[in-house]
2 protein chains.
Amino acid sequence: MNDELMTIREMCEAFEVTPRTLRFYESKELLSPIREGQKRLFTRRDRARLKLILRGKRFGFSLEEIRQLLDLYHVGDQQLTQYTRTIELARKRLAEMERQHEELTSAISELKAQLVEGERELARMRKSASVSSAA
Amino acid sequence: MNDELMTIREMCEAFEVTPRTLRFYESKELLSPIREGQKRLFTRRDRARLKLILRGKRFGFSLEEIRQLLDLYHVGDQQLTQYTRTIELARKRLAEMERQHEELTSAISELKAQLVEGERELARMRKSASVSSAA
DNA sequence: CGTTACATTTACGTAAACGTCAAGCTCTGT
DNA sequence: ACAGAGCTTGACGTTTACGTAAATGTAACG
């Protein structure tokens, strides 16, 4: 209800995930909702993180990788060396993403080529079918 | 040795897979090498199929999807409708891949932006560190 | 006060695609 | 004949990201 705090149910609807997922992410320290009694209340920070988590997942990052990358987004009182390591990690991920990107690019053009050939074959099949039905 | 028949070891080297993988694919009915005694001998047909399997995997098809596609391909020489369906499936997959590609593209630029900011932050941290050590 | 409706924790289950033993054939070389 | 290499078939292990069920708690409704 509140703009500031959301229940688990509200979160689920807003982000199209299950409660199990949110609890699971909490157990993995990706989220850290506050507790009112034993119920969870998700903050704006949790929502921001969840958004990033889901985006990370869409292109194949593991939750563990995402957890490490999330540190990049909340850099208040980090130690310098720690922060440097985080940035290095992000660079590695970026390199991997770019590799994936290239692979995907070539896979797409390969598949496109296959499709063109497949359609040509299909045309041949139709043609011979119509010939034999005309005979 | 023979161009016609290959042992499991030769197959592994030729395609850069492990024996376990080939046996696994056989158990999933993706391959069906002939047996000489208890050893496997892979035919030209197996090689063609394996090539398709590996390509399918690069496109992101699951083994189960690949199995179905191979089956359709097998019968599909005669059946026009099934071949059409195969092509439809490939088109869907292509669309999905293109969506992934776009997401990856934007994710990359986002991460790059984050890195730029992260490095700026890092510079600030170093600066304040040197100031405080100078004080 | 009882029922209904969610919430919670704990813990085992699942699917994909193999990896990794274990234990036993079989062929080769010496 | 014996060692070693390589092949075989189970069968259990691994990882990731949750699903699902059981037992229990809590809060509001009527």
Side-chain angles (χ1 to χ4, degrees), chain A residues 1-2 5-43 46 49-70 93 96-97 100 103 107, chain B residues 1-2 5-43 46 49-71 89 93 96 100 103:
Chain A
M1 289 298 193
N2 195 315
L5 298 176
M6 285 171 67
T7 68
I8 198 169
R9 195 47 64 185
E10 289 165 346
M11 286 291 280
C12 291
E13 279 162 22
F15 291 93
E16 303 195 295
V17 295
T18 68
R20 179 70 181 91
T21 300
L22 295 179
R23 293 187 198 113
F24 181 71
Y25 289 171
E26 182 181 353
S27 78
K28 294 287 174 177
E29 302 190 307
L30 291 167
L31 299 177
S32 46
I34 57 181
R35 292 306 183 87
E36 180 182 320
Q38 80 167 354
K39 294 187 179 175
R40 291 165 176 82
L41 289 177
F42 295 84
T43 66
D46 290 314
R49 289 173 71 92
L50 181 53
K51 198 172 162 187
L52 292 171
I53 292 167
L54 296 179
R55 191 174 63 191
K57 277 177 57 69
R58 278 201 305 278
F59 32 79
F61 287 104
S62 74
L63 290 184
E64 176 55 23
E65 288 171 324
I66 290 171
R67 194 184 60 73
Q68 294 176 37
L69 281 176
L70 277 176
R93 299 282 101 242
E96 205 175 303
M97 282 169 75
Q100 263 186 57
E103 273 181 28
Chain B
M1 293 287 200
N2 196 314
L5 298 178
M6 286 171 67
T7 69
I8 198 169
R9 195 46 63 183
E10 291 165 345
M11 287 290 280
C12 290
E13 280 163 22
F15 292 94
E16 301 194 297
V17 295
T18 68
R20 180 68 181 94
T21 299
L22 294 179
R23 294 188 197 110
F24 181 73
Y25 288 172
E26 183 182 352
S27 78
K28 295 287 174 177
E29 303 190 304
L30 291 167
L31 298 177
S32 45
I34 56 181
R35 293 306 183 88
E36 179 182 320
Q38 76 169 358
K39 295 187 178 174
R40 289 167 176 81
L41 290 177
F42 295 84
T43 66
D46 290 314
R49 288 173 72 92
L50 181 52
K51 201 171 160 188
L52 291 172
I53 291 166
L54 296 179
R55 194 170 61 192
K57 279 177 61 74
R58 281 204 307 279
F59 293 159
F61 290 102
S62 73
L63 290 184
E64 176 54 23
E65 286 173 322
I66 291 171
R67 195 185 59 75
Q68 291 176 34
L69 288 179
L70 284 175
D71 287 353
L89 185 59
R93 187 72 212 147
E96 225 175 281
Q100 260 187 62
E103 277 183 23

Inset, instruction - Mind calculating the distance between CZ (B:Phe24) and C1' (D:dT14) to the nearest angstrom? - result: 13 Å
Inset, instruction - May I ask you to evaluate whether A:Lys57 reaches the phosphate of D:dC18, defined as a side-chain N or O under 4.0 Å from OP1 or OP2? - result: yes
Legend entry - Residue A:Thr21, side-chain atoms from C-beta onward, closest of D:dC7, C:dA7, D:dG19: D:dG19
Legend entry - Below 4.0 Å: OP1/OP2 of D:dT8 and any side-chain N or O of B:Arg23: yes
Inset, instruction - Check whether any side-chain heavy atom of A:Leu22 lies under 4.5 Å from a side-chain heavy atom of A:Asp46, and answer yes or no. - result: no
Legend entry - Any A:Glu103 side-chain heavy atom under 4.5 Å of A:Gln100 side chain: no
Legend entry - Between C1' of C:dA7 and CE of A:Met11, the distance in whole Å: 16 Å
Inset, instruction - Rounded off to whole Å, could you give me the CD1-to-C1' distance for the A:Ile53 and D:dC18 pair? - result: 14 Å
Inset, instruction - Figure out the CD/C1' separation between A:Glu26 and D:dA17, and round it to whole Å. - result: 16 Å
Legend entry - Heavy-atom check, side chain of B:Lys57 versus side chain of B:Ile66, under 4.5 Å: yes
Legend entry - Value in whole Å for how far the P atom of D:dA27 lies from NZ of A:Lys39: 6 Å
Inset, instruction - Could you check if a side-chain atom of A:Glu10 sits within less than 4.5 angstrom of a side-chain atom of A:Phe42, using non-hydrogen atoms only? - result: no
Legend entry - Atom-pair distance (CD1 on B:Ile8; C1' on C:dC18), nearest Å: 14 Å
Inset, instruction - Side-chain contact test, heavy atoms from C-beta onward, threshold under 4.5 Å: evaluate it for B:Leu30 versus B:Phe24 and give yes or no. - result: no
Legend entry - Side-chain N,O (A:Ser62) to OP1/OP2 (D:dT15) below 4.0 Å: no
Legend entry - Separation of D:dA17 C1' from A:Glu16 CD (nearest whole Å): 18 Å
Inset, instruction - Find the distance B:Gln38:CD to D:dT9:P and express it as a whole number of Å. - result: 7 Å
Legend entry - Below 4.0 Å: OP1/OP2 of C:dT20 and any side-chain N or O of B:Arg20: no
Legend entry - Contact under 4.0 Å: B:Tyr25 side-chain N or O vs C:dC18 OP1/OP2: yes
Legend entry - Distance test, side-chain N/O of B:Ser27 to OP1/OP2 of C:dC18, below 4.0 Å: no
Inset, instruction - Report yes if at least one side-chain N or O of A:Arg40 is closer than 4.0 Å to OP1 or OP2 of C:dT9; otherwise report no. - result: yes
